[in-house]
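This report refers to the structure that appears directly beneath it.
Worth knowing before you read on, the calculation uses all heavy atoms, side chains too, and leaves out hydrogens, waters and symmetry mates. Owing to the predicted nature of the structure, the values given are computational and were not obtained by experimental measurement.
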Amino acid sequence: DRLQDYLRRYENGPHAEEARAMLPDVERERRRREFVRSPLVGQMRPNPEPTSELERLYRKALLQLWIDGDAAARTTLEQITGRQEVAESDQFLLRLAEEDLLSIKLRQAEQLRANGQITESRALLKEIVEQHASGDRYRRWVRLAQQAIAALPTDSDEVKTVDSPDSRSP
């Protein structure tokens, strides 16, 4: 807050460029402190009992999701879901990781749509539906993907927008 206050007061001051360069680091540190103080993390504090490697990875993914963003968390979650042999006591972590990956894919599809990449967004959403529609386990994410597909402009709408006389500049 102090850094942003400084930039508001002295937008063109002698140290404004340095302050702007520091903003991402300050924001990342603020998010880390927020995360560490959150009630969720209180539940994640080290257990007196040793945790499994899978649980450690899942906690790492949650922290990455909060601090580093979807791309970093996706890599760790994919490590979890790629495991061949998982102890019975850790099976729930696989499902949580799969659900988190689906949520990341839905956010990615929305970002693609917002950036005008409708075809890529549609392909990602269709992939979610095709891979997970056969079972009830991921019904919620399949339904969200189907709703997002229905809300996307059709291919003919995209062509009309590109080719319409109104969209051309004089």
Side-chain angles (χ1 to χ4, degrees), residues 24 27-28 30-164 166-167:
E27 178 62 19
R28 188 173 24 262
R30 182 193 63 77
R31 289 177 66 193
R32 187 194 66 76
R33 279 195 318 272
E34 236 177 57
F35 179 77
V36 168
R37 293 179 185 155
S38 76
L40 170 69
V41 173
Q43 302 293 326
M44 291 176 52
R45 292 284 183 212
N47 208 342
E49 300 172 21
T51 59
S52 69
E53 176 67 12
L54 208 61
E55 185 174 346
R56 187 193 65 72
L57 274 175
Y58 187 71
R59 288 175 186 231
K60 176 183 174 183
L62 290 179
L63 189 60
Q64 288 174 321
L65 193 57
W66 188 275
I67 294 175
D68 300 324
D70 288 352
R74 172 183 244 156
T75 301
T76 304
L77 291 167
E78 286 172 347
Q79 286 177 357
I80 293 170
T81 59
R83 296 274 171 121
Q84 297 299 322
E85 294 182 24
V86 176
E88 185 64 36
S89 61
D90 285 340
Q91 289 294 319
F92 75 99
L93 292 167
L94 279 179
R95 181 167 182 186
L96 290 174
E98 290 168 349
E99 291 171 356
D100 289 340
L101 277 171
L102 286 170
S103 294
I104 289 171
K105 286 181 179 181
L106 286 169
R107 282 195 301 276
Q108 181 184 4
E110 173 53 30
Q111 186 63 45
L112 288 167
R113 185 209 54 79
N115 292 338
Q117 297 172 291
I118 305 301
T119 304
E120 293 85 351
S121 177
R122 181 177 286 109
L124 185 56
L125 292 166
K126 284 182 177 181
E127 176 186 310
I128 292 170
V129 172
E130 290 167 3
Q131 288 180 356
H132 302 287
S134 61
D136 290 337
R137 188 172 174 181
Y138 301 110
R139 185 181 322 161
R140 173 182 169 206
W141 289 269
V142 169
R143 190 180 70 247
L144 289 169
Q146 289 169 331
Q147 290 171 348
I149 290 169
L152 289 174
T154 62
D155 290 335
S156 60
D157 289 342
E158 291 177 53
V159 171
K160 286 178 190 173
T161 304
V162 172
D163 293 338
S164 70
D166 298 339
S167 66

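Scanning all heavy atoms of the two residues, the minimum distance from Thr76 to Ala61 falls at CG2-CB, 3.8 Å. Scanning all heavy atoms of the two residues, the minimum distance from Ser121 to Ala109 falls at OG-O, 2.8 Å. The shortest non-hydrogen separation linking Leu54 to Arg83 is CD1-CG, 3.9 Å. In terms of heavy-atom proximity, Val142 sits nearest to Val129 at O-CG2, 4.1 Å. The nearest pair of heavy atoms linking Ala148 to Leu125 is CB-CD1, 3.6 Å. Residues Trp141 and Ser103 come closest through the heavy atom pair NE1-OG, 3.0 Å.
With rounding to the nearest 0.5 Å, the separation of NZ in Lys126 from CZ in Arg122 is 6.0 Å. Note that OH of Tyr58 and CD1 of Ile80 are 7.5 Å apart. Values are rounded to the nearest 0.5 Å. Going from atom CG of Leu93 over to atom CG of Leu77 covers 11.0 Å, rounded to the nearest 0.5 Å. Atoms CG and CD1, from Leu124 and Ile149 in turn, are 9.5 Å apart once rounded to the nearest 0.5 Å. With rounding to the nearest 0.5 Å, the separation of CG in Leu112 from CD1 in Ile118 is 9.0 Å. Note that the CD atom of Glu78 and the CG atom of Leu57 stand 13.0 Å from one another [nearest 0.5 Å].
Arg74 places a side-chain heavy atom less than 4.5 Å from the side chain of Gln108.
Leu144 is linked by a side chain to side chain contact (heavy atoms under 4.5 Å, CB included) to Leu106, Arg140, Gln147, counting only residues two or more places apart in sequence or in another chain. Listed by chain and number, the residues in a side chain to side chain contact (heavy atoms under 4.5 Å, CB included) with Ala123 amount to none (sequence neighbours excluded). Here Glu120 pairs with nothing under the salt bridge (Lys or Arg N to Asp or Glu O under 4.0 Å) rule; sequence neighbours left out. Every residue meeting the side chain to side chain contact (heavy atoms under 4.5 Å, CB included) condition with Glu88, not counting sequence neighbours, appears here in chain and number order: Gln91. Evaluation of the side chain to side chain contact (heavy atoms under 4.5 Å, CB included) rule for Asn115 yields Gln111, Gln117 as partners, not counting sequence neighbours.
More than 12 heavy-atom neighbours from other residues, nucleotides or ligands sit within 6.0 angstrom of CZ on Arg137.
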List the steps, then state whether side-chain contact (heavy atoms from CB on, under 4.5 Å) holds for Leu65 with Ile104.
CA-CA 9 Å; Leu65 193 57; Ile104 289 171; 4.1 Å; yes
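The salt bridge (charged side-chain N to carboxylate O under 4.0 Å, His left out) pairs that include a residue from residues 99-112 are Asp70-Arg107, Arg95-Glu99, Lys105-Glu127, Glu110-Arg113, where partners are two or more places apart or lie in different chains.
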